[in-house]
Number of protein chains: 2
Amino acid sequence: MTTRVITLKELAASLDLSITTVSRALAGHEQIAQKTRERVAQAARQAGYVPNTAARTLVSGRSGFVGLVLPIRGPNLVDSFLGEFVTGLGEGLVSHGADLILATAALGHSELSVLRHVVESGRADGVVVTRIAETDERLAYLRERGFPFVAHGRLLDSDFGYNWLDTDGAHAFGEAFDMLYDLGHRHFGLVTISEPMTFRHLRQDGLAAAIARRGDPSVRLDVVTAPRFDQKARIEAVNRMLQGSDRPTAIVALFDELALTVMEEAARAGLSVPRDLSVIGFDNIAASAYAPPGLTTFDASIRQCAREIADMLLRVIGDRPAVPLTRLIQPTLVARASHGPAPRTRN
Amino acid sequence: MTTRVITLKELAASLDLSITTVSRALAGHEQIAQKTRERVAQAARQAGYVPNTAARTLVSGRSGFVGLVLPIRGPNLVDSFLGEFVTGLGEGLVSHGADLILATAALGHSELSVLRHVVESGRADGVVVTRIAETDERLAYLRERGFPFVAHGRLLDSDFGYNWLDTDGAHAFGEAFDMLYDLGHRHFGLVTISEPMTFRHLRQDGLAAAIARRGDPSVRLDVVTAPRFDQKARIEAVNRMLQGSDRPTAIVALFDELALTVMEEAARAGLSVPRDLSVIGFDNIAASAYAPPGLTTFDASIRQCAREIADMLLRVIGDRPAVPLTRLIQPTLVARASHGPAPRTRN
DNA sequence: AGTGAAATTTAAAACGTTTGCAATTTTGTG
DNA sequence: CACAAAATTGCAAACGTTTTAAATTTCACT
């Protein structure tokens, strides 16, 4: 037991070759004789030689890792996409022989400081930054450092270019409005969050733009804001919108979790979805398929996005392209049963 | 832009000290004068010095990483616990300054070969192994290598000791039986999987043991087996159990996803849960709370388990304890609305 | 056999740390 | 003020790889 790991020196000695030759042979350099390359490859395979990552990283300056910083939010809060996201990243990375580093920012510790540490310790060749905030110091830092990164999400405006991939929430929310409008709805509700993430603006603006495009002055939009991670406050906010006879007939939620709360509270208030109230979400989380009557939402295909982000990042690391790579993904409508014609009684 | 990263040599030069002294000062060695230690710490902080991981790993033999190998199963299959699991691992690791490496085993590539690579490249100081199979070559390999690891789950029998943490599925399934028996159920169904994972035996055996303990010959147990990742076959299997008038009055599913399928198919067959049929799952995934009427299940608290696994692994890495660390976690019953008294009409 | 070019191999430096051991400085004591 | 002991600091090797520049071998051709 406790078998030692074989090193390049030992492998070279066993082949009666120099370290240099073996290293080059394994790297497939043309200058090493074909015969030697095969002999070395064979011996390496048989000896189960695996190059030491630290040594390789040290000399080459490339770690073969991509970093992702994971914030801890609280005892009961887990990023609902994390599983899909890291799976997608892993898929994208593995085809290029790269792996993922997950660094955790402990509760109360700045995500930025962890990011700095990952970057400056040379652990990663590039990083993925998610959940872009309105003023995001992480992007500014990475930009200043000239460190390869891809953002999942966008800034609202920026005086510099950067690589990003985003889901077109603006478009989706416009589509949701159009669909609901055509179903006769005129009084809309939007449940949004107070956390200063850029996507809340992109989606809300997309909704507002669609309303403006329609140019129907009878359209009304009520907006209610809830803290993202406070379930109780979220329920209160939703009920604020649901109470009173002058409530919206269609509610669009910034994301599925909020939409599910809307459906739960609607049920509790004796409202039938979609007869009395249409509800549309965004993200298509697993629970949305199960929550009665089945939430109509948009599928953001996180896993696919993550895979593309990995591809983009590896390209950025490899080629350092002069122009930023950007990609806007169109989410697809998943029409379940939570939306329908506007109730006849009112309007 | 493209700011260079400061190195120990530069930091030492700026302080007019040797590399050795600075290194020791930062490591807090007693032999360095208190005054010097402070001066160095101050300068390091101000210069934003972060030690290079590769260099440190190379010389110390410790990477400060813990590895987890992630299998890719197919386009639409993501480990439902992955998010919670890596969050928990991250939480457990961060307090000790360690980070997580997620290595992906591409579709068609052996998980073992990726594990070997992680281990032998020196990327990680220890690994977490999940989803233990009946004959698991990964454990044998790690054991032979003498490499620190903690298994999430257990082997059924083994001729060697190893560190593991498991959720006591056997106990939970016994508890489920007892509860259902006391509600008058006598005809039981178990939906299990064909994938050769050890937990299917542990849980099924727990159920069988509880039945035996009760010693009531009128108790019947039907078992149906479905492939884990084939939704269509799974539905067929469930329907095999549901069809016919002589169906069970209470079905226990190996895990929530199966239980949800049971509830869906029951609804499709016009059966009311829990009036006509009681269903109990295991895991308490998010969707279980939403699926009507609310699935009764056991909460495995994956995140908490992962955190403990991280703690255990770090202890194994640090102390190399002589006796294996083992931990059996009791899942807690989440009593929702999918179980109830046995229907009167039959029995 | 001798030559030069091409093909193949190697020695040695470098990457940025940690650490055993030695060197230097400071301190305490007579 | 000398001297040993204690405290503090520094030199140099080592970790396992990649890579530059140089050395060696092979080969075709005269």
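Naming convention: chains lettered A, B, ... in sequence-line order (proteins, then strands); numbering from 1 in each chain.
- B/T36 comes within contact range of the sugar-phosphate backbone alone, with a heavy-atom separation under 4.0 Å but no base atom that close.
- More than 12 heavy atoms of other residues, nucleotides or ligands shown are found within 6.0 angstrom of CZ on A/R37.
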Practice task
Please report the C-alpha distance between B/F149 and B/V316 in whole Å, then the side-chain angles of each, then the deciding distance to 0.1 Å, and finally whether the side chain to side chain contact (heavy atoms under 4.5 Å, CB included) criterion is met.
Solution key: CA-CA 8 Å; B/F149 74 99; B/V316 172; over 6 Å; no

Handout entry: Derivation and outcome, side chain to side chain donor-acceptor pair (under 3.5 Å), residues B/S18 and B/T21
Key = CA-CA 5 Å; B/S18 73; B/T21 304; 3.0 Å; yes

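- Note on B/E91 versus B/R307: salt bridge recorded, some NZ/NE/NH1/NH2 to OD/OE distance being below 4.0 Å.
- Looking at heavy-atom distances under 4.0 Å, A/T53 makes no contact with the nucleic acid at all.
- Atom pair B/D16:CG and D/dG10:C1' shows a separation of 12 Å (rounding to whole Å applied).
- Between the CD atom of A/E30 and the C1' atom of C/dT9 there is a distance of 16 Å, given to the nearest Å.
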Exercise for the section: Give the intermediate values and the outcome of salt bridge (charged side-chain N to carboxylate O under 4.0 Å, His left out) for residues B/E111 and B/R131. Expected result: CA-CA 11 Å; B/E111 207 172 325; B/R131 310 179 317 109; 3.3 Å; yes

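- Atom CZ of B/F65 is separated from atom CZ of A/R123 by 4.0 Å, given to the nearest 0.5 angstrom.
- A/E30 CD: 12 or fewer foreign heavy atoms inside a 6.0 Å radius.
- When the C1' atoms of four end pairs are superposed on the next four at each end of the helix from C/dA1-D/dT30 to C/dG30-D/dC1, using five pairs per end, the two resulting axes differ in direction by 50°, to 10°.
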Problem - Check against side chain to side chain donor-acceptor pair (under 3.5 Å), A/E38 and A/Q42 - result: CA-CA 6 Å; A/E38 281 164 9; A/Q42 154 78 21; over 6 Å; no

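- Atom CD1 in B/I32 sits roughly 14 Å away from atom C1' in D/dA6 (whole-Å rounding).
- The NZ-P distance, from B/K35 to C/dT25, rounds to 15 Å in whole Å.
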Practice task
Can you check each nucleotide of nucleotides 15-24 of chain C against protein heavy atoms at under 4.0 Å and return B for base, S for sugar-phosphate only, - for none, in 5' to 3' order?
Solution key: BBBBBBB---

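- The distance from atom CD of B/Q34 to atom C1' of C/dT26 is 17 Å, rounded to the nearest whole Å.
- Distance A/R37 CZ to C/dT9 C1': 14 Å, rounded to the nearest Å.
- In terms of modelled atom types and a separation under 3.5 Å, the side chain of B/S158 and the main chain of B/F160 share a donor-acceptor contact.
- D/dC11 atom P lies 11 Å from atom CG of B/L17, rounded to whole Å.
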